[in-house]
There are 4 protein chains.
Amino acid sequence: MGEAAAGERRQRTDKQRNRTHILEVAEQFFTEQGITGSLDAIAKRAGVGPGTLYRHFPNREALLAALLQARDEELEARRVAIQREVTDSRAALTQWLQAMGEWVSAFDGLPDPLRAALTEGTSPLALTCQGFVTTTEDFLRAAQRDGYANPGVRGRDLFLSTLATAWARGAAMADESSPDALVSLMRTGWETPASDEGPSAP
Amino acid sequence: MGEAAAGERRQRTDKQRNRTHILEVAEQFFTEQGITGSLDAIAKRAGVGPGTLYRHFPNREALLAALLQARDEELEARRVAIQREVTDSRAALTQWLQAMGEWVSAFDGLPDPLRAALTEGTSPLALTCQGFVTTTEDFLRAAQRDGYANPGVRGRDLFLSTLATAWARGAAMADESSPDALVSLMRTGWETPASDEGPSAP
Amino acid sequence: MGEAAAGERRQRTDKQRNRTHILEVAEQFFTEQGITGSLDAIAKRAGVGPGTLYRHFPNREALLAALLQARDEELEARRVAIQREVTDSRAALTQWLQAMGEWVSAFDGLPDPLRAALTEGTSPLALTCQGFVTTTEDFLRAAQRDGYANPGVRGRDLFLSTLATAWARGAAMADESSPDALVSLMRTGWETPASDEGPSAP
Amino acid sequence: MGEAAAGERRQRTDKQRNRTHILEVAEQFFTEQGITGSLDAIAKRAGVGPGTLYRHFPNREALLAALLQARDEELEARRVAIQREVTDSRAALTQWLQAMGEWVSAFDGLPDPLRAALTEGTSPLALTCQGFVTTTEDFLRAAQRDGYANPGVRGRDLFLSTLATAWARGAAMADESSPDALVSLMRTGWETPASDEGPSAP
DNA sequence: GATGAATGAGGCTTCATTCAT
DNA sequence: CATGAATGAAGCCTCATTCAT
């Protein structure tokens with residue numbers, strides 16, 4: 001218990017540095033093994049006791065949230081860039097969806113807790129999700145206003161669809177073309193645009 | 001064949017009965033608790049030892065595969081009915097996608113192993129998946145031939161998309177409109193059909 | 001997980017023998033360390049995996065109950081002997097209380113779960129407790145009928161008091177005379193019998 | 001002493017204030033949750049670091065001892081009142097025992113460390129216990145001198161018995177009559193006063 | 001073929017205690 | 001002196017899988 005080898009005790013490093021280090025390790029770990037890997041293993045790899053990990057991040061979701069927050073800034077920057085540089089609201093929405101799609105594909109298994117957070121609200125990830133939905137709504141609204149996007153579509157649906165697409169991409173998608181196919185499906189659907197008359201020759 | 005010893009036949013009968021019973025129990029169990037519950041619990045509920053379960057189905061996927069195969073007949077019947085009764089290839093594809101969507105939503109969590117089976121091929125579920133893809137291709141080909149479906153779309157993509165939609169539906173989707181929204185998204189996409197000219201203001 | 005070193009796998013011994021062995025080990029362990037020792041440690045000492053211990057005894061109380069059941073027979077024999085051989089109902093009650101007192105002092109800390117079981121009823125120990133109360137009531141009733149025991153006293157109180165006395169005895173009672181003192185206190189109280197007149201000088 | 005630096009005095013004052021606050025919080029905490037709760041939780045609730053708690057009270061027993069010492073004054077007052085106002089030594093002893101019984105029931109689980117302290121002597125609670133024993137001896141001696149209490153009884157036994165009774169009362173004693181029953185048992189015992197002859201009708 | 005006992009790694013979590021700052 | 005991050009042993013429990021009977 002308390003009588004741990006005192007000599008071996010890791011010097012108290014700067015808390016922030018430690019936290020950062022854990023995050024780095026977790027990032028790598030999740031990248032390799034997906035987000036369901038053991039937290040203890042992360043602690044071990046980071047060279048800290050499980051209690052330390054627990055102190056910083058009381059559960060997997062909290063760790064995940066912290067991890068994603070760091071990446072958030074990147075995405076935020078991308079969002080700003082799109083809004084600033086892409087004047088075409090259709091292209092803007094497309095690019096935003098792609099950026100978001102990449103983001104939620106960061107780790108294998110990530111879409112699952114995000115989906116859960118979307119509906120449960122109690123998760124630390126809920127805020128992140130909400131932000132995504134809101135931003136998507138912004139882009140979508142512009143596209144709809146310009147007649148580029150179907151009026152019935154909601155931002156939330158697009159986010160969920162993006163999650164689903166990322167989920168489908170999964171860990172190892174042997175078929176490289178599928179990811180794009182799904183994105184494209186989400187964009188144009190499988191149905192040919194309804195022209196006034198029926199198909200050419202039934 | 002016919003002259004098999006009575007004892008052997010009796011055994012076979014028992015074994016078959018056992019297998020069937022396990023499947024029934026598993027079906028109920030998975031329906032209630034999702035597909036990630038403990039196999040031991042299923043064995044216990046079925047009144048057999050875990051070894052027996054294991055003998056029939058060496059792992060969770062095998063059990064799942066057998067379970068789905070049993071349900072297959074229902075879906076197969078639906079497929080036949082669609083092909084026989086629905087002459088419009090677009091409606092046929094739509095109905096098939098819906099049927100498939102319901103099917104892969106049978107148990108909470110089912111889309112995950114199905115996706116895995118789609119890419120790994122070694123899974124006992126792979127065959128099932130392949131059957132879906134093939135059937136989807138059939139319907140899709142007809143719709144494409146009639147000009148109802150975009151030519152670039154592949155059966156595999158539609159199946160994967162159906163899986164993704166089922167995944168998004170998930171266990172508890174508070175927002176009831178989302179499932180339909182996703183299906184519709186998959187069908188028509190978010191983008192407005194490209195008319196000849198661009199939107200009012202590019 | 002499942003890929004445990006197969007060669008080292010302990011041969012499946014007779015289940016009963018194994019169970020008995022665990023009980024023996026637990027008995028010794030609890031005797032040494034009190035009943036709050038780690039169950040994992042018991043498993044380890046018994047040379048079985050924690051799962052095995054858990055299979056036989058799903059929790060500490062169950063293990064305890066099994067352990068006590070074995071001792072129960074001994075106590076039961078003692079009860080029968082007292083009832084058969086001790087004609088004096090006062091002596092009989094006294095002896096029974098002593099026997100019970102020894103029984104509940106079997107392990108350090110045992111009185112705690114027994115007390116809990118007495119009030120909660122859901123514990124596997126509840127039955128045991130109830131049996132004690134009932135038997136105590138039998139002896140007590142006889143003593144009361146013969147005018148040896150105060151009418152207001154209830155069997156349940158005597159059992160609880162016996163528990164409390166055992167608790168007080170605790171692990172290490174340096175003062176050897178205290179246990180007896182408490183028993184005697186429970187028997188005669190601290191107050192001098194109320195004679196007709198008050199004391200000599202108030 | 002008087003010429004101590006102002007800074008030092010300020011520190012001392014702060015420290016004292018801190019200590020007092022911790023005690024208040026601990027009192028409430030133990031009252032709510034029993035004495036086995038986590039010390040960290042107390043520190044947190046008190047708004048100090050665990051190190052601070054530890055500095056003031058090197059372990060749970062020390063904290064408890066300090067806590068009880070604070071409550072001691074109340075009991076002490078009660079003792080004085082009894083000694084001053086209750087002239088009947090029997091009533092005095094009774095009242096003291098009751099006061100003490102209430103005192104040791106202050107927190108759920110308190111009797112355990114007190115018992116330990118009684119036998120181990122090294123505990124910070126030992127002094128408190130010793131005080132109780134001594135006071136009990138005083139009251140008891142008077143009662144014995146007046147012929148109200150049995151000569152063989154010792155103060156220590158009465159204290160231990162009081163502890164045991166408090167333990168039996170425990171957290172949730174469904175049966176409301178038991179506590180009183182035990183107290184009364186301790187007072188008069190279960191046995192009818194030994195008259196010269198045997199019982200009325202054997 | 002059926003059984004179900006056994007396995008045991010490994011997940012999560014808690015918390016008394018230390019000690020750098 | 002106060003702080004609170006860090007420690008890490010240790011507890012509990014689960015469950016896929018094996019294999020003697």
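- Of the candidates E:dA16, F:dC12, F:dT7, the closest approach to any side-chain atom of A:Val48 belongs to F:dT7.
- If you take CD of D:Glu61 and C1' of E:dT17, they are 16 Å apart, rounded to a whole angstrom.
- Because its NZ or CZ atom is not both nearer than 6.0 Å to the ring centre of D:Trp167 and within 45° of the ring axis, D:Arg115 does not count as a cation-pi partner of that residue.
- Distances shown here put every side-chain N or O of D:Asn18 at or beyond 4.0 Å from the OP1 or OP2 atom of F:dC1.
- Checking E:dC15, F:dT3, E:dT13 against the side-chain heavy atoms of D:Ser38 singles out E:dC15 as nearest.
- Along DNA chain F, the nucleotide nearest to A:Gly51 and the one nearest to C:Pro50 differ in position, and the one closer to the 5' end is contacted by A:Gly51.
- When the C1' atom of E:dG10 is taken as reference, atom CD of A:Gln33 falls 14 Å away, rounded to whole Å.
- Closest contact between the side chain of A:Tyr54 and the listed nucleotides F:dT14, E:dT14, E:dC12 involves E:dT14.
- If you check F:dC1, E:dC12, F:dA6 against the side chain of A:Thr52, the one that comes closest is F:dA6.
- As rounded to whole Å, 13 Å separates atom C1' of E:dG4 from atom CD1 of B:Ile22.
- Taking atom CZ of residue D:Phe57 and atom P of nucleotide E:dT17, one finds them 15 Å apart after rounding to whole Å.
- Put simply, NE2 on B:His21 is 14 Å from P on E:dA2, counting in whole angstrom units.
- No engagement by C:Arg19 is indicated, since no non-hydrogen atom pair under 4.0 Å with the nucleic acid exists.
- A salt bridge does not link A:Arg19 to A:Glu24: none of the charged nitrogens lies less than 4.0 Å from a carboxylate oxygen.
- Whole-Å rounding puts the D:Arg17 CZ to F:dC1 P distance at 16 Å.
- Side-chain proximity of A:Asp40 to the nucleotides E:dT13, E:dG1, F:dA2 is greatest for E:dT13.
- Proximity of A:Arg60 to the phosphate of E:dC12: a side-chain N or O atom is located under 4.0 Å from OP1 or OP2.
- In this model, the phosphate group of E:dC12 is not approached by any side-chain N or O of A:Asn59 to a distance below 4.0 Å at OP1 or OP2.
- A:Phe107 carries A:Arg71 over the face of its six-membered ring, with the cationic atom under 6.0 Å from the centre and within 45° of the normal.
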Applying side-chain contact (heavy atoms from CB on, under 4.5 Å), run through C:Ile42 and C:Leu63 and close with a yes or a no. CA-CA 11 Å; C:Ile42 292 176; C:Leu63 174 56; 4.1 Å; yes
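- Atom C1' of nucleotide F:dA10 and atom CZ of C:Phe29 are separated by 12 Å, given to the nearest angstrom.
- Taking the nucleotide of DNA chain F with the nearest heavy atom to each of B:Leu39 and C:Thr36, the more 5' of the two is matched to C:Thr36.
- Atom P of nucleotide F:dC12 and atom CG of C:Leu53 are separated by 10 Å, given to the nearest angstrom.
- For the pair C:Thr52 (side chain) and C:Val48 (backbone), a donor-acceptor distance under 3.5 Å is absent.
- Distance alone, capped at 3.5 Å, is enough to place a donor-acceptor pair between the B:Arg60 side chain and the B:Ile35 backbone.
- Across all strands shown, the partner of E:dA6 is F:dT17, judged by Watson-Crick or G-U wobble contacts whose two distances both fall under 3.5 Å.
- Taking side-chain N and O atoms only, B:His56 has no distance below 4.0 Å to OP1 or OP2 of E:dG1.
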